[in-house]
*Asks:* 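I'd like to ask some things about the structure below.
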Protein chains: 2
Amino acid sequence: MKKPKLATVAAQAGVSVATASQVLRGTGRISEQTRKRVLAAADDLNYVPDARAVAMRSGVNREIGLVIHEISNPLNAEVMSGVCDLLESEGFLVSVLDSRDSAERQRRHLEAFIRSSRSGLIWVPAADTPSDEVDLLANHRMPTVTFLRRLPNSPFDHVGIEDAAAISAAVNHLADLGHQRIAYLGGIATFGVRVDRLAGYHRTLSERSPFGPIVWDCEDNKRSGLDAMIALKNAHPDVTAVVCNGDMVAIGATQGLLRMGLRPGPDLSIVGFDDIQDAAVTTPPLTTMTIRPYQLGRRLARTLLDRIADPHMLRAVTMVPAELVCRDTTAPPAPPARRLAMAGR
Amino acid sequence: MKKPKLATVAAQAGVSVATASQVLRGTGRISEQTRKRVLAAADDLNYVPDARAVAMRSGVNREIGLVIHEISNPLNAEVMSGVCDLLESEGFLVSVLDSRDSAERQRRHLEAFIRSSRSGLIWVPAADTPSDEVDLLANHRMPTVTFLRRLPNSPFDHVGIEDAAAISAAVNHLADLGHQRIAYLGGIATFGVRVDRLAGYHRTLSERSPFGPIVWDCEDNKRSGLDAMIALKNAHPDVTAVVCNGDMVAIGATQGLLRMGLRPGPDLSIVGFDDIQDAAVTTPPLTTMTIRPYQLGRRLARTLLDRIADPHMLRAVTMVPAELVCRDTTAPPAPPARRLAMAGR
DNA sequence: CCAGTCCGATAAAACGATTTAGCACAGTGA
DNA sequence: TCACTGTGCTAAATCGTTTTATCGGACTGG
């Protein structure tokens, strides 16, 4: 009735455990006759080797962990698909833990991964990650690749997005259309992502527009984007275009405009960031910066595999470009601000 | 330079491994003096016990697995939050695997969980799950709770939604508003979820409307919902209300209406299912059936814990109710089909 | 007939922890 | 002094595998 172990199989086949192990692993010199007996016994008992014992004896795990700040974020979901596909094809099991941007939860997750000696870690650090998490991982020689958010003084490989260049492209696109009063909406202040993107915004705006920057904070979800857009438009009625820190915010912002009776595009231009699947389906479809999230996930996985293969390799920071996808939320500015017949709510 | 093990700690503290173990576990009779020495040594080396060895020796794992058909589905994300919160508070580590509705991937995941002797499994079966997966899990005595999709002849605990009653409520709501030509949109045909929901639809429609049912298939995402809504409206121009199999479809459907120049609500009523976070943020906000996904996740976790605590308990099938949330996509039918000023696309 | 070579199978030592039984020693009461 | 009782610690067995060294036998060549 109990779970069969290797000894059970060996006993049933009338051989020693060593022999049984060699048959199952395909190593050593075994006669065809005994090989068949062992295989039959294993199949009969439907024997499954205990992964813990195997890992303990042979030292390796083929399990990698993914610690992510928000599992339900559509961008992350697509990246994860890419990561999993590549790693699974190499025979790894990848298990996902969601820190929900809580440093405490994240700490528990990282410790659990260390305790169970996962063979590698792909990590989007939580927003308020303390600096000693890096030491924790580094001390335990955990092969680690960070994604999206780079930690200060990080010794780890990193895959990120060319944020400044991307936002530059967005601002240039708007300026080409004739916009001058261009605001920046969203993002969490702590992280490099936001810093780099804002740098791109400030630099390009100063090149292309006589007006100063307008930066408006909000959280990274549709509800916040919606509220923030309304507040921003009331505070700065002359703004004609908004660059958003992410598609969630941008989609929220278009909803905000609709509720104010304004048409996204003709009345106020909006550019998103990430090109999540929703971006193409909202009404109107969102102009945004796309980063090919699935492919990015594959690159992430590849980076980790390289690190596992050679722990002494030089640290690599890979930046992938983002490209502009023009849909319907950007248009030349319209001098008179027309009101739409169908008022919102 | 290598990872410190218990023997390293013991050596540094000048005691035996047995003593070191007892200090760290807090068992046995240990003098205050040696206790301090061991603790200091462990801290100094920053020792972390090897979870694999611990699990192997003591037989238990405190790791549970979550195999889900689509990790990026917003409903699942909220359910997962509830599951994780409860299980983590009980000291379990929960790792998530995404089958992406592929039976093959799912099989690999389940086998991996069995090999590593996870102490339990919460499972949303993939759409084309073969029946022998059930045997696989049952043979290995894996404590399992299925969610959302119930397998035929399943010996496992299950937590599901009162689908038929919920759809009944949705149809009644529409009928109360005066609708008679009510269609059903979306869902994957294989599963009980869809069967039960359709049963509720057929039954209640026949009670409340002189017209026959209209059932229109589509996949469970916004893009499909959008396309299907347009096709449905063209095929059946006299339909005035649509009940959707999920919020993703419903949101897609509202987008489809907007692109046709119709107003969701006044021109055609739509009811969703799930009440995902987006539902309240789309324009117009979606009328839908809410199931309190976070609380549902907690119940799921509780069910699994009970099962782990007592493997011989009678199988439990728990159905949770869904409640109507009225927002702005349902309204009394308007006799003349007015066109909106702002045409879509 | 002996040394050498292969072949097939196995005993035993790891892997890193927990746990049980027992040992040495000090203190206590008779 | 002896028997007894705690106290503080440790040796050794154990969990389920893999791997290494070894062993007996059959065969080969000189």
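Protein chains get the first letters and strands the later ones, always in sequence-line order, with residue 1 at the start of each.
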*Asks:* Can you give one letter per nucleotide of nucleotides 9-17 of chain D, going 5' to 3': B for a protein heavy atom under 4.0 Å from the base, S for sugar-phosphate only, - for none?
*Replies:* BBB-BBBBB

*Asks:* So, E90(B) and R298(B), do they make that salt bridge, N to O below 4.0 Å?
*Replies:*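 No salt bridge links E90(B) with R298(B).
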
*Asks:* Kindly give the heavy-atom pair with the smallest separation between A103(B) and E133(B), and that separation in Å.
*Replies:* O-OE2, 4.2 Å

*Asks:* So, taking the atom named OG1 in T19(A) and the one named CZ in R37(A), what distance separates them when rounded to the nearest 0.5 Å?
*Replies:* 9.5 Å

*Asks:* State whether F113(B) and R118(B) meet the cation-pi test: NZ (Lys) or CZ (Arg) under 6.0 Å from the six-membered ring centroid, and within 45° of the perpendicular axis.
*Replies:* no

*Asks:* Do the side chains of D101(A) and R149(A) get close enough for a salt bridge, i.e. N-O under 4.0 angstrom?
*Replies:* yes

*Asks:* In plain terms, say whether D85(B) and R100(A) are close enough for a salt bridge, that is, a side-chain N and a carboxylate O under 4.0 Å apart.
*Replies:*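 Yes, D85(B) and R100(A) are salt-bridged.
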
*Asks:* How far does the helix from dC1(C)-dG30(D) to dA30(C)-dT1(D) bend, going by the axes of its first and last five pairs, to the nearest 10°?
*Replies:* 70°

*Asks:* Charged N to carboxylate O below 4.0 Å: is that the case for R307(A) and D157(A)?
*Replies:* yes

